[in-house]
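Please read the structure below before turning to the comments.
For ligands, and for the atoms within them, numbers begin at 1 and follow the listed sequence. Heavy atoms only: backbone and side chains are in, while hydrogens, waters and symmetry mates are out.
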Amino acid sequence: MTLYGRDLLCTQDWTVEELEKTLRLANEFKDTRYDHPLNNCLDRRTFFMFFYNPSVRTRQSFECAATELGGHAQFLEPKTMRLKSAKTAGETVADASNVMSRYASGIGIRILETAIEEYGQGHELLEEYAHHASVPIISMAHDKYHPCQGLADVMGMRAHMSDDLKGKKLVQVWAKGALVRSWCSVQESILINSRLSMDVTLAYPQGYDLDPDVYKMCEENAEQSGGNFEIVHDLEEAYKDADVVYSRNWMTAGFYEDAQKHGIDAAKQKEIELASKHEGWIANDEMMSLTNDALFTHCGPVDRGAEVTDKICDGPRSIVYDVAENRLHVQKAIMALTMGTHNI
Ligand code: CP
């Protein structure tokens, strides 16, 4: 089984065996960071990082990953590239992806809510790039999914519990906050963890439904893996007996329409006001005391005091920084497998 040349838009696109192979290599890179036999597999190769939206972890971890594999990651901003969009004339995706494929060994793309008009447009753009490019297209977080984050989450939970997470309860819980978050990390988490046989509880106040197609995939994943997927709207029920708490704000589905009608700033303000009504939706001592001494995880950036208290985020059961570090190891594995060599 080779992953050479493959795209990664969502972990659902790869088999469980392919994901496990990636996680094994990521752990090897973690254990032998500067001394792994594949450390030069990107020698003289370039990875393009195409950012429509800002980032801390993703940009820096991909740059470090490329460096540690002997290659180079180049930062690109679409606004400087005369690309065609809904509002402007310019170079087509077909032409841009064909040309970029002649230079680079792989292309990463980040495109989130504020850079699109409706849910799904970001995913469609990645699919269009993937269709035309002759090198791998890797999601660096888009409106639907964040596969690198999902793999880093799994790596962190396994390191602190067990390689076999079957039967462990993950609570993926909505939290209040002022950052108006994307659905991508949350949808990726519930997909990959239901697939890898965890008992996944998605908890949120009424009105914060995610993509129904993702719910359907989670149900199918759980049926196939022997895990579980359920949705609850009661906070105490959600936290009860949890082994892992992943507390994260996300926007309502109404954001896109509001942004089209009233502008992005007004749509964000409306989301912040809505979210502020849900007192209690924060990972704090009281909520964590209901759990099975749960780990606390978060993809970052953390909205401290809203999504989680400092005490929990900085406490002995927090794996937040380990998961952030894992982004580096997971992305090294993805790049080595898809762009580095046929032979692993
Ligand atoms: N988790 C994550 O993707 O972080 P950044 O937005 O900082 O890249």
Side-chain angles (χ1 to χ4, degrees), residues 8-11 22-23 26 47-68 73-78 106-116 122-123 125-126 137-157 159 170 172-175 177-193 210 244-251 255 264 268 271 283 295-304 306-308 313 318-335:
L8 181 59
L9 273 51
C10 176
T11 54
T22 308
L23 287 164
F47 177 67
F48 283 154
M49 302 185 299
F50 204 30
F51 278 99
Y52 285 82
N53 296 88
S55 155
V56 171
R57 277 146 291 272
T58 304
R59 177 178 176 182
Q60 293 173 20
S61 55
F62 263 110
E63 284 201 28
C64 292
T67 302
E68 292 184 21
Q74 184 174 341
F75 177 72
L76 298 170
E77 283 184 291
I107 302 169
I109 303 175
R110 162 165 292 200
I111 183 162
L112 297 171
E113 291 68 29
T114 50
I116 56 175
H123 190 72
L125 183 83
L126 265 76
I137 300 295
I138 307 297
S139 170
M140 299 193 302
H142 62 282
D143 52 346
K144 284 191 168 185
Y145 307 121
H146 196 350
C148 302
Q149 186 64 53
L151 284 159
D153 296 337
V154 171
M155 193 173 162
M157 289 188 289
L170 166 67
Q172 187 73 54
V173 56
W174 182 90
L179 296 184
V180 192
R181 310 285 202 168
S182 172
W183 292 3
C184 62
S185 303
V186 172
Q187 294 196 151
E188 192 69 59
S189 170
I190 60 178
L191 279 168
I192 191 169
N193 290 306
L210 298 170
V244 186
V245 171
Y246 185 160
S247 163
R248 165 87 165 166
N249 173 260
W250 67 82
M251 59 178 52
F255 172 85
I264 285 171
K268 279 188 170 175
E271 290 291 327
L295 297 173
F296 176 79
T297 192
H298 192 288
C299 54
V302 178
D303 192 355
R304 287 167 175 262
E307 293 174 320
V308 58
C313 194
S318 173
I319 61 169
V320 169
Y321 297 141
D322 285 354
V323 166
E325 179 190 325
N326 291 342
R327 292 289 304 278
L328 168 73
H329 308 302
V330 156
Q331 288 155 203
K332 281 174 77 176
I334 292 167
M335 293 167 100

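At the shortest separation from atom 4 (O) of ligand 1 among protein heavy atoms lies Arg57 NE, 2.8 Å.
One finds the OH atom of Tyr52 at 10.5 Å from the CG atom of Leu76 (value rounded to the nearest 0.5 Å). Going from atom CE of Met140 over to atom CZ of Arg57 covers 14.0 Å, rounded to the nearest 0.5 Å. If you take OG1 on Thr11 and CG on Asn193, they are separated by 8.5 Å, rounding to the nearest 0.5 Å. If you take CZ on Arg181 and CD on Glu113, they are separated by 11.5 Å, rounding to the nearest 0.5 Å.
With ligand atoms numbered from 1 in the order given, ligand 1 contributes 1 (N), 2 (C), 3 (O) to contacts under 4.0 Å with heavy atoms of Arg327. Short contacts between ligand 1 and Gly300, defined as distances under 4.0 Å to a heavy atom of the residue, involve ligand atoms 1 (N), 2 (C), 4 (O).
Between Met140 and ligand 1 there is no heavy-atom distance shorter than 4.0 Å.
Atom OH of Tyr321 sits in a sparse spot, with 12 or fewer heavy atoms from other residues, nucleotides or ligands closer than 6.0 Å.
Contacts with ligand 1 closer than 4.0 Å are made by no heavy atom of Arg59, backbone or side chain. Counting heavy atoms closer than 4.0 Å to ligand 1, residue Arg110 contributes side-chain atoms (C-beta onward) but none from N, CA, C or O.
Aromatic ring orientation, Trp250 versus Trp174: perpendicular (interplanar angle above 60°, classes split at 30° and 60°).
Between Val56 and ligand 1, at least one pair of N/O atoms sits closer than 3.5 Å.
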